[in-house]
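Quantities reported herein were computed from a predicted structural model and do not represent experimental measurements. By convention in this document, chain letters (A, B, ...) are assigned in the order of the sequence lines, proteins followed by strands, and residues within each chain are numbered from 1.
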Amino acid sequence: MSIPTLNFIEELKWRGMLQDMMPGTDELLKKGPVKGYIGFDPTSDSLGVGNLVQVMILLHFQRCGHQPVALVGGATGMVGDPSGKSAERNLLSEDILNANLQGQKKQLEKFLDFTAGPTQASIVNNYDWFKNFNFLDFIRDVGKHITVNYMLAKDSVKSRLESGLSFTEFSYQLVQGYDFYYLWKHQGLKLQMGGSDQWGNITTGTELIRRMEGGEAFALTTPLIKKADGTKFGKTESGNIWLDPKKTSPYKFFQFWLNSSDEDSKNYIRIFTTKSQEEVLALEAEHDLAPNQRLLQKAIAKEVTIRVHSESDYNAAVEASEILFGNAPTEALSKLDEETLLNVFEGVPQMQISRDELTSGISVIELLSDKTNVFPSRGEARKLIQGGGVSINKQKLTDVNAVQNTNGLLQNKYLLVQKGKKNYYLLIVN
RNA sequence: GGGGAGAUAGCCAAGCGGCCAACGGCAACAGACUGUAAAUCUGUCCUCAUACGAGUUCGAAGGUUCGAAUCCUUCUCUCCCCA
């Protein structure tokens with residue numbers, strides 16, 4: 001094992017991933033390998049790209065020679081964190097929670113190195129130490145050390161006093177705080193990290209450690225990432241971007257990164273890749289010379305897609321993108337053999353249509369609204385066609401009353417429908 | 001407990017008896033320009049309908065009227081002020 005050459009704090013700073021830290025955190029990390037953790041909320045069976053920031057923190061932490069621990073919140077997930085929420089949360093059932101935990105665990109394993117060694121990553125579940133902790137013991141042994149005044153002062157609580165929050169959510173910070181205490185006490189964890197909205201919860205933990213045992217523990221938070229236009233990161237028109245290929249296809253995932261604006265991509269390259277500062281600066285300089293090449297976006301999309309999915313998924317996504325967005329004219333499309341075609345369009349929605357409907361010719365409006373779900377109604381199909389927003393096999397429809405028959409089928413079997421610039425549908429005729 | 005203000009489409013916000021499917025802004029979607037970027041300009045934006053048009057909206061329920069988002073009654077909820 002080589003001596004770690006990277007300084008974690010420095011690393012976070014130039015990447016723009018450091019919001020705040022407790023005094024002494026830097027010194028602690030310089031002294032030697034530290035065990036630190038981040039908690040994940042099991043509200044879904046898959047992590048989204050929004051969670052990726054935290055995952056990357058753990059990854060950088062490990063790369064800097066420390067020991068990352070991911071905490072999946074089997075217990076805290078049952079309570080509900082009021083941070084950043086404007087209303088009382090719906091509680092999930094135990095079954096769902098468990099399924100979610102398993103899903104997230106699998107994804108975390110793709111990022112961190114779990115092989116034995118001084119920086120070996122691990123995953124813990126706080127349900128393990130909470131399941132047998134009864135209420136009376138908890139309020140005697142833990143609650144006794146923290147005043148309500150202290151708890152009320154947290155922003156997450158303060159902002160909810162007007163609209164109201166249940167005792168359950170109010171106690172959340174204590175439950176999370178106890179996690180930190182438990183891990184500090186029994187597993188030697190000294191540092192908790194998280195998004196800036198977690199600062200209050202994390203400091204309740206360090207406070208608990210101080211009051212219960214006079215111990216010292218540290219905290220560090222990352223800024224909330226936002227897009228340059230101020231909108232939320234990680235969402236598109238069609239919803240959240242997930243790591244689970246069943247919820248977001250690798251093609252879409254790849255496209256998500258490729259579509260980042262220039263401004264955003266300069267942040268993303270720092271946060272979501274492990275490229276060194278020199279590499280990033282060089283890439284940026286090159287990008288600025290020819291922004292139309294979108295080198296940054298491509299570099300990010302490549303690294304993240306390979307890490308989350310696989311090299312072959314990445315290659316397929318690139319191939320599909322080139323065909324869909326490149327200058328490939330209709331002829332190029334028709335030259336594709338069936339296998340390539342199906343491979344390329346694996347990530348785009350596919351719809352069936354019977355051959356009989358087509359042989360005698362069918363108006364495109366009927367085809368796209370009644371026979372398939374490309375459009376929910378004829379009116380909408382008509383409007384977009386009139387607006388010049390619909391293409392079939394890369395050819396723009398200019399006539400609202402156009403009729404489609406079996407002549408233009410790719411491989412005598414497929415139709416590629418394009419709605420707007422980025423939405424594709426593959427119609428399969430059989 | 002007393003007094004006042006308000007509730008309009010995804011959000012903000014006009015309208016205060018017919019010209020209202022409802023000004024305007026934001027968001028969203030599409031087109032042009034570009035680089036699958038940003039900015040800008042243009043179009044669409046309650047639902048269905050090629051269109052003519054039809055249907056369902058202005059917190060809820062009733063009522064007045066030829067006609068109501070607009071007037072009246074009751075109810076529900078929100079905010080403010082005084083106790």
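- Across all strands shown, B:rC66 pairs with B:rG18; the Watson-Crick or G-U wobble distances both stay below 3.5 Å.
- A heavy-atom distance below 4.5 Å is found between the side chains of A:Leu258 and A:Lys298.
- Base pairing annotation: B:rA5 forms a Watson-Crick or G-U wobble pair with B:rU78, both donor-acceptor distances under 3.5 Å.
- Every residue two or more places apart in sequence or in another chain that forms a ring pair (Phe, Tyr, Trp, His ring centres under 6.0 Å) with A:Phe254 is listed here: A:Tyr314.
- Counting any heavy atom pair closer than 4.0 Å across all strands shown, A:Lys396 reaches sugar-phosphate atoms only and no base atom.
- Between A:Phe233 and A:Trp257, the ring-plane angle classifies as tilted under the 30° and 60° cut-offs.
- Nucleotides B:rA54 and B:rA21 are separated by 13 Å at their C1' atoms, to the nearest Å.
- B:rA27 and B:rA13 are spaced 14 Å apart, taking the C1' atom of each and rounding to whole Å.
- Neither OP1 nor OP2 of B:rU36 sits under 4.0 Å from any side-chain N or O of A:Asn423.
- Between B:rU73 and B:rC79, the two P atoms lie 25 Å apart (nearest whole Å).
- Note: NZ (A:Lys383) to C1' (B:rA28) measures 14 Å, nearest angstrom.
- A:Gln386 comes within 4.0 angstrom of no nucleic acid atom, judged by non-hydrogen atoms across all strands.
- Among the heavy atoms of the strands lying under 4.0 Å from A:Ser321 is at least one base atom, whether or not backbone atoms are also near.
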Requested in this report: For side chain to side chain donor-acceptor pair (under 3.5 Å), just list the numbers for A:Thr204 and A:Gln176, CA-CA rounded to whole Å, side-chain angles, deciding distance to a tenth of an Å, and then say yes or no.
Outcome: CA-CA 8 Å; A:Thr204 297; A:Gln176 183 172 330; over 6 Å; no
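- Comparing B:rC48, B:rC33, B:rG35 by their closest approach to the side chain of A:Pro291 singles out B:rG35.
- In this structure B:rC26 sits in a base pair with B:rG10, meeting the Watson-Crick or G-U test at under 3.5 Å.
- B:rU36 atom P lies 12 Å from atom CG of A:Asp262, rounded to whole Å.
- When the P atom is used for both B:rG24 and B:rU42, the distance is 14 Å, rounded to whole Å.
- Considering only side-chain atoms of A:Gln297, the nucleotide from B:rG35, B:rU44, B:rA32 that sits closest is B:rG35.
- Only the P atoms considered, B:rA28 is 47 Å distant from B:rA83, to the nearest whole Å.
- In this structure, A:Lys419 forms a cation-pi arrangement with A:Phe375, its terminal cationic atom sitting closer than 6.0 Å to the ring centre and no more than 45° off the ring axis.
- Nucleotide B:rA37 holds its C1' atom 8 Å from the NE2 atom of A:His287, rounded to whole Å.
- Side-chain atoms of A:Val374 and A:Leu367, non-hydrogen and from C-beta on, never get closer than 4.5 Å to each other.
- Among the heavy atoms of the strands lying under 4.0 Å from A:Leu258 is at least one base atom, whether or not backbone atoms are also near.
- Pairing of B:rC45, defined by two Watson-Crick or G-U wobble distances under 3.5 Å, is not identified with any nucleotide.
- For A:Phe61 and A:Tyr37, the distance between ring centers is not under 6.0 angstrom.
- When only modelled atom types and interatomic distance are considered, A:Gln297 and A:Asp262 share a side-chain donor-acceptor pair under 3.5 Å.
- Base pairing analysis places B:rU73 opposite B:rA61; the two distances defining the Watson-Crick or G-U wobble pair are each below 3.5 Å.
- What separates CZ of A:Arg378 from P of B:rU50 is a distance of 5 Å, to the nearest Å.
- Atom P of B:rC33 sits at a distance of 16 Å from the matching atom of B:rA38, rounded to the whole Å.
- Rounded to whole Å, atom C1' of B:rC29 lies 15 Å from atom CD1 of A:Ile385.
- OP1 and OP2 of B:rU36 both lie 4.0 Å or more from every side-chain N or O belonging to A:Lys252.
- OP1 or OP2 of B:rA49 lies within a sub-4.0 Å distance of a side-chain N or O belonging to A:Ser377.
- Taking atom C1' on both B:rC58 and B:rC16, the two are 12 Å apart, rounded to the nearest angstrom.
- Using P as the reference atom, B:rG4 and B:rC72 are 15 Å apart when rounded to the nearest Å.
- The CG atom of A:Asp370 sits 13 Å away from the C1' atom of B:rU50 (whole-angstrom rounding).
- Applying the 4.0 Å criterion to OP1 and OP2 of B:rA37, one finds that A:Lys422 has a side-chain N or O inside that range.
- Nucleotide B:rU36 is matched to nothing when pairs are restricted to Watson-Crick or G-U wobble geometry with both distances under 3.5 angstrom.
- Protein atom CD1 of A:Ile300 is 15 Å distant from nucleotide atom P of B:rA37, rounded to whole Å.
- Judged by closest nucleotide on RNA chain B, A:Leu384 is the one of A:Phe254 and A:Leu384 placed further toward the 5' end.
- Both A:Lys419 and A:Asn259 lie near RNA chain B, and the one whose nearest nucleotide falls closer to the 5' end is A:Lys419.
- Residue A:Arg294 is classed as a base contact, given a heavy-atom separation below 4.0 Å to a base.
- As rounded to whole Å, 13 Å separates atom P of B:rU36 from atom OH of A:Tyr251.
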